[in-house]
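Because the structure is predicted, anything quoted here is derived from the model rather than measured. For reference, positions follow the sequence shown, starting with 1.
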Amino acid sequence: MSDGVQRRFLGMRITPLTERRLRSFRANSRGFWSLWIFLAVFVLSLFAEFIANDRPLLVSYEGELYYPALFTYPETAFGGVFQTEAEYREPEVQELITSKGGWMVWPPLRYSYGTVNLSLNQPAPSAPSAENLLGTDDQARDVLARVIYGFRISVLFGLTLTILSSVVGVAAGAVQGYFGGWTDLLFQRFMEIWSGMPRLFLLIILASMFIPSFWMLLGLLLLFEWMSLVGVVRAEFLRTRNFDYVRAARALGVNNVTIMRRHVLPNAMTAALTMLPFVLIGSITALTSLDFLGFGLPPGSPSLGELLAQGKANLQAPWLGITSFMVLAVMLSLLIFIGEAFRDAFDPRKTQM
């Protein structure tokens, strides 16, 4: 990058320290390219409805354009007799459209995560074929489509849980480290008790008591994931709270919240940021574990853990277990490489002039 690009990015001035960190991150080729590969796959998964869908992207009928991938149309809109949503994969619906000179533009994969392939010539789960590149699961659903949607929901769940747990964990660590004394002591004893509980068993019990959903699981996992960053943030606040500029701000009458946010938190965030990729890994694996055990997302939801469980239950269909294992292994490996590169980039011994 040129000096102008390095010093200004999206209108923000980049400090020399940030420049050195960016250079250090880019020097780690494994982490740098892992970040781009992960972002490329994640961005593609965000448009899963345009990649794998049992509804066309575009339909032309009697001179009008329809967008089934975005909107729902009844069969009567195409000359049919049913008021329910048109089943575009059915030959009868396709005949209704083409008989009027219409046409359809399909996505690359004509299956959604819940689409059942009714034209299989062998019992499900069926082996990979030209129609189903990674085969089908035990309910005759396309594995590739479920992997695309499952990857998206796993990463979105992990990112949401990572952000929320980081906010709670940073706030808790900041309060402990800044005030110290009895506040720190009581908080530490609470965390020792809370972290000593059998988390997986508690999650299974709670998940079995409520109807599973994305937000309910997020709340349950947040009960425990927030402790991931408390230790490093607490240590930074304990170290920084007695610095001269913090004492001076306190002597000038600056309130504690302002001191914590403006003078102490930036130092603690350096250590916290290096931990975020590993917190994301823990969030994704937690959801995968619950899905594998049957206490995760609602039945029928695209899930890598559920696909892994199907591979365990159908050893005669090795493509199920191999596919889910490879997707998880590659995804978590990329995140580990990214985390290592972040850790090296924020290491003060490697960013000195």
Side-chain angles (χ1 to χ4, degrees), residues 9-10 31-59 66-72 85 88 104-115 132-134 137 141-167 212-219 221-222 225 273 276-288 290-291 296-298 300-308 323-324 326-339 341-342:
F9 180 71
L10 297 180
F32 178 77
W33 288 109
S34 295
L35 175 62
W36 282 110
I37 294 172
F38 181 80
L39 288 177
V41 176
F42 176 56
V43 170
L44 284 176
S45 70
L46 293 178
F47 300 93
E49 286 78 8
F50 300 95
I51 300 174
N53 206 332
D54 55 2
R55 297 185 293 180
L57 302 178
L58 182 65
V59 173
Y66 298 86
Y67 307 92
L70 299 176
F71 306 102
T72 300
E85 181 182 359
Y88 301 94
M104 295 182 289
V105 177
W106 286 89
L109 185 62
R110 297 189 182 187
Y111 293 93
S112 185
Y113 65 87
T115 307
N132 305 106
L133 297 180
L134 295 180
D137 63 5
R141 298 171 299 190
D142 187 78
V143 172
L144 179 56
R146 293 188 66 80
V147 165
I148 295 173
Y149 284 88
F151 179 89
R152 179 177 69 176
I153 198 171
S154 296
V155 177
L156 288 176
F157 184 92
L159 287 174
T160 305
L161 182 57
T162 299
I163 293 172
L164 294 178
S165 62
S166 298
V167 171
S213 66
F214 182 95
W215 296 107
M216 189 273 291
L217 286 177
L218 190 68
L221 289 173
L222 183 60
E225 288 294 328
L273 286 174
L276 289 183
F278 303 104
V279 177
L280 177 58
I281 292 173
S283 301
I284 293 175
T285 54
L287 176 65
T288 303
L290 289 176
D291 286 334
L297 296 171
S301 301
S303 166
L304 299 178
E306 188 263 349
L307 186 61
L308 195 63
T323 299
S324 54
M326 291 301 298
V327 171
L328 285 170
V330 172
M331 175 172 57
L332 297 181
S333 297
L334 291 175
L335 290 173
I336 289 174
F337 296 153
I338 295 170
F342 264 96

Trainee: Can you confirm whether Phe157 is buried at CZ, in the sense that more than 12 heavy atoms of other residues, nucleotides or ligands lie under 6.0 Å from that atom?
Mentor: yes
Trainee: Can you spot which of Val155, Leu161, Thr162 makes a side-chain contact (heavy atoms from CB on, under 4.5 Å) with Leu280?
Mentor: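 The single option meeting the side-chain contact (heavy atoms from CB on, under 4.5 Å) with Leu280 is Thr162.
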Trainee: To the closest 0.5 Å, what do you measure between OG1 (Thr160) and CH2 (Trp215)?
Mentor: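 Reported value, rounded in 0.5 Å steps: 5.5 Å.
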Trainee: Taking the side chain as every heavy atom from C-beta outward, state whether Thr72 and Arg55 have any atom pair closer than 4.5 Å.
Mentor: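 A side-chain contact exists here, since the closest heavy-atom pair is under 4.5 Å.
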Trainee: A side-chain contact here means heavy atoms from C-beta on lying under 4.5 Å apart; do Arg146 and Asp137 qualify?
Mentor: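 Arg146 reaches Asp137 side chain to side chain.
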Trainee: Kindly give the heavy-atom pair with the smallest separation between Pro56 and Pro107, and that separation in Å.
Mentor: CA-CD, 4.3 Å
Trainee: Determine, step by step, whether Asp142 and Leu133 satisfy the side chain to side chain contact (heavy atoms under 4.5 Å, CB included) criterion, reporting the C-alpha distance in whole Å, the side-chain angles of both residues, the deciding distance to 0.1 Å, and the verdict.
Mentor: CA-CA 8 Å; Asp142 187 78; Leu133 297 180; over 6 Å; no
Trainee: Go through it in stages, so that I can follow the logic: the residues are Leu57 and Tyr67, the test is side chain to side chain contact (heavy atoms under 4.5 Å, CB included), and I'd like the CA-CA distance, side-chain angles, deciding distance and then a yes or no.
Mentor: CA-CA 6 Å; Leu57 302 178; Tyr67 307 92; over 6 Å; no
Trainee: Do Tyr113 and Ile148 touch side chain to side chain, with heavy atoms closer than 4.5 Å?
Mentor: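 Contact flag for Tyr113/Ile148 side chains = no.
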Trainee: On a heavy-atom basis, which atom in Pro302 and which in Leu297 lie closest, and how many Å separate them?
Mentor: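 Nearest heavy atoms, Pro302 then Leu297: O-CD1, 4.2 Å.
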Trainee: When you compare the side chain of Leu304 with that of Asp291, does any pair of heavy atoms fall below 4.5 Å?
Mentor: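 No - every pair of side-chain heavy atoms lies 4.5 Å or more apart.
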Trainee: Would you indicate whether the side-chain heavy atoms of Leu159 and Phe42 approach each other to under 4.5 Å?
Mentor: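 Touching, per the 4.5 Å side-chain cut-off.
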Trainee: Can you tell me if Trp106 has over 12 outside heavy atoms packed within less than 6.0 Å of its CH2?
Mentor: yes
Trainee: What's the separation between atom CZ in Phe71 and atom CD in Glu85, rounded to the nearest 0.5 Å?
Mentor: 13.0 Å
Trainee: Between CZ of Arg141 and OG1 of Thr115, what distance do you get to the nearest 0.5 Å?
Mentor: 10.0 Å
Trainee: Could you give the distance from OH (Tyr111) to OH (Tyr149), rounded to the nearest 0.5 Å?
Mentor: 14.0 Å
Trainee: To check you understand the geometry: which heavy-atom pair defines the closest contact between Ser112 and Ala145, and what is its length?
Mentor: O-CB, 3.6 Å
Trainee: Heavy atoms only: give me the nearest Gly31-Ala341 pair and the separation to one decimal.
Mentor: CA-CB, 3.7 Å
Trainee: Working to the nearest 0.5 Å, report the span between OG of Ser34 and CE of Met331.
Mentor: 13.5 Å
Trainee: If you apply the rule side chain to side chain contact (heavy atoms under 4.5 Å, CB included), what do you find for Ser301 with Glu306, and how did you get there?
Mentor: CA-CA 9 Å; Ser301 301; Glu306 188 263 349; over 6 Å; no
Trainee: Any chance you could measure Ser283, atom OG, to Leu164, atom CG, to the nearest 0.5 Å?
Mentor: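 Interatomic distance, Ser283 OG to Leu164 CG, rounded to 0.5 Å: 9.5 Å.
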Trainee: I want to check something: taking the side chain as every heavy atom from C-beta on, are Phe32 and Phe337 in contact at a cut-off of under 4.5 Å?
Mentor: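 Not touching, per the 4.5 Å side-chain cut-off.
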Trainee: Decide yes or no for Ser165 and Leu222: does some side-chain heavy atom of the first lie under 4.5 Å from some side-chain heavy atom of the second?
Mentor: yes
Trainee: Is there side-chain contact between Ile284 and Leu335, with at least one heavy-atom pair below 4.5 Å?
Mentor: yes
